[in-house]
There are 2 protein chains.
Amino acid sequence: MENLPNTMRITSQRQVILDELRKVTSHPTASEVYDMVRKRLPRIGLGTVYRNLELLTEHELIRKLKVGGEQKRFDGNAAPHYHVRCVQCGRVDDVEINPLLDLEQKVATCSGYEILGHHVEFEGRCAACKTTS
Amino acid sequence: MENLPNTMRITSQRQVILDELRKVTSHPTASEVYDMVRKRLPRIGLGTVYRNLELLTEHELIRKLKVGGEQKRFDGNAAPHYHVRCVQCGRVDDVEINPLLDLEQKVATCSGYEILGHHVEFEGRCAACKTTS
DNA sequence: CTCAGTGCAAACGATTTGCAGGGCC
DNA sequence: GGCCCTGCAAATCGTTTGCACTGAG
C-alpha cells in the first residue's frame, strides 16, 4: 500500500494520458480518457489506461475522484479543490472556494481519527440542465 | 427519476431491513445488511435487499453513502451529517460538526448550479488502526 | 539481454434485472 | 383477481488481472 516505486518511466501511453487529462477540465471517467487517448494511440488497451491512471494517481500527478456518481473520474489538476456534480447530466465542475483546513483539526479532536484529508462534493443541477428543466 | 410512488407497502422484509439499519451505527454495505437481515429472514434474496435499500433511500427513510470506499454504504440515520472513513480498515463513523449550509449559497453563486445538497467526507486512520500502526 | 510496460481477453465483484411464483388488499 | 413484491439466477457494468509479447535501456 505504501510502496511507490520512485522510478516511473515516461512511456508514450503515460505521456498521452497525462496530456489529455490536463487538456480538459471535464473530469473524465476512465473510459472517456480511453476514448480521448485512442485518437492518438489507436492500439492502446483499456487495461493500460486503467493501470496508468492508477499509477499517475499514486505519483500524485493526477487525482482520482470518487464522487457520488457511479464511475470514478480523473482530474488533471492535482491540487486539492472541491467539486460540484450535476445530478441530472452527471457533469462535474470545480468549485472555487478555499479548502476548509481548520475543520480537519476539529474532526481529529472529536473523532479520535488521525485525519489525512477530506473531500467536499456539492450536488445540484448545472446551468444547462436548469434551463432544459 | 423523480417519480416516487407515494405508496409503499411495509413488507416484513422492508421492516426488518429498516430495523437492522437503525440498530447499528456502522454504516453497513448492502451485503452486510444482507447478512444482518438473513438472521431473521433466512430466505431473503440479495436482490430484494438491494431493491429495498434503494426504495427506502428514495423515500428518505435511510441514506445511501457513496463514500470513497469501493462499495456503497447505508445509514439508518436519515438526517444530514458528515462522515470519516478509515483508509486502513474501511470503517465509517459519524462526525459531530454542524453542516456548512452557508457554503451552498456561495457555491450556487459562483458555479451557476442550483445546489441541492453536499457531502463532506474526511479520511484518516481510526483509533484502532492508529495503535496497531 | 532484461524487465517494465503493453494489448488482449478472461476474470472479478458489486449491483441490477427478467421472470415466474406468492401473497396482501 | 390484480398487482406489488419476492426469491432466484442470469446479466450487466466498471474495473482488475493473467499472460505472452514487445521494446527501451
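Just so it is clear, the values below take in all heavy atoms, side chains as well, and ignore hydrogens, waters and symmetry mates. In what follows, chains carry the letters A, B, and so on, assigned in the order in which the sequence lines appear, proteins first and then strands, with residues in each chain numbered from 1.
C:dG13 atom C1' lies 11 Å from atom NZ of A:K72, rounded to whole Å. Going from atom CG of B:L53 over to atom C1' of C:dA14 covers 13 Å, rounded to whole Å. Regarding B:I10, its CD1 atom lies at a distance of 16 Å from the C1' atom of D:dT6, rounded to whole Å. D:dG23 atom P lies 15 Å from atom CD1 of A:I44, rounded to whole Å. Rounded to whole angstrom, the span from the CD1 atom of A:I17 across to the C1' atom of C:dG7 amounts to 13 Å. Taking atom NZ on A:K66 and atom P on D:dT15, their separation rounds to 12 Å, with Å as the unit. Rounded to an integer number of Å, the gap from CD of B:Q71 to C1' of D:dG14 is 14 Å. Between the P atom of D:dC8 and the CZ atom of B:R38 lies a distance of 10 Å, rounded to the nearest Å.
Shown here for A:L100 and A:Y82, the closest heavy-atom pair between the two residues is N-OH, 2.9 Å. Nearest heavy atoms, B:C89 versus B:C126: SG-SG, 3.9 Å.
Across all strands, A:E70 comes closer than 4.0 Å to no nucleic acid atom at all (heavy-atom distances). In this structure, A:L46 reaches the bases: a heavy-atom distance under 4.0 Å links it to at least one base atom across the strands shown. Residue B:R43 is in sugar-phosphate contact alone, with no base atom involved, counting any heavy-atom pair closer than 4.0 Å across all strands shown.
In terms of phosphate contacts, A:S31 brings no side-chain nitrogen or oxygen within less than 4.0 Å of OP1 or OP2 of D:dG14. Residue A:R14 places at least one side-chain N or O under 4.0 Å from the OP1 or OP2 atom of C:dT6. For the pair B:Y50 and C:dT15, the criterion of a side-chain N or O lying under 4.0 Å from OP1 or OP2 is met. The side chain of B:T48 contributes an N or O atom lying less than 4.0 Å from OP1 or OP2 of D:dG7. Residue A:R51 has no polar side-chain atom (N or O) positioned under 4.0 Å from OP1 or OP2 of C:dG7.
In this structure, A:R73 contributes its side chain and A:H27 its backbone to a donor-acceptor pair below 3.5 Å.
Between B:R38 and B:E20 no salt bridge is recorded (no basic side-chain N to carboxylate O distance below 4.0 Å).
Nearer the 5' end of DNA chain C, as judged by each residue's closest nucleotide, is the contact made by B:K64, out of B:R9 and B:K64.
For A:Q13, counting side-chain heavy atoms from C-beta on, the closest listed nucleotide (C:dA14, C:dG7, D:dG7) is C:dG7.
No more than 12 heavy-atom neighbours from other residues, nucleotides or ligands sit within 6.0 angstrom of CD on B:E96.
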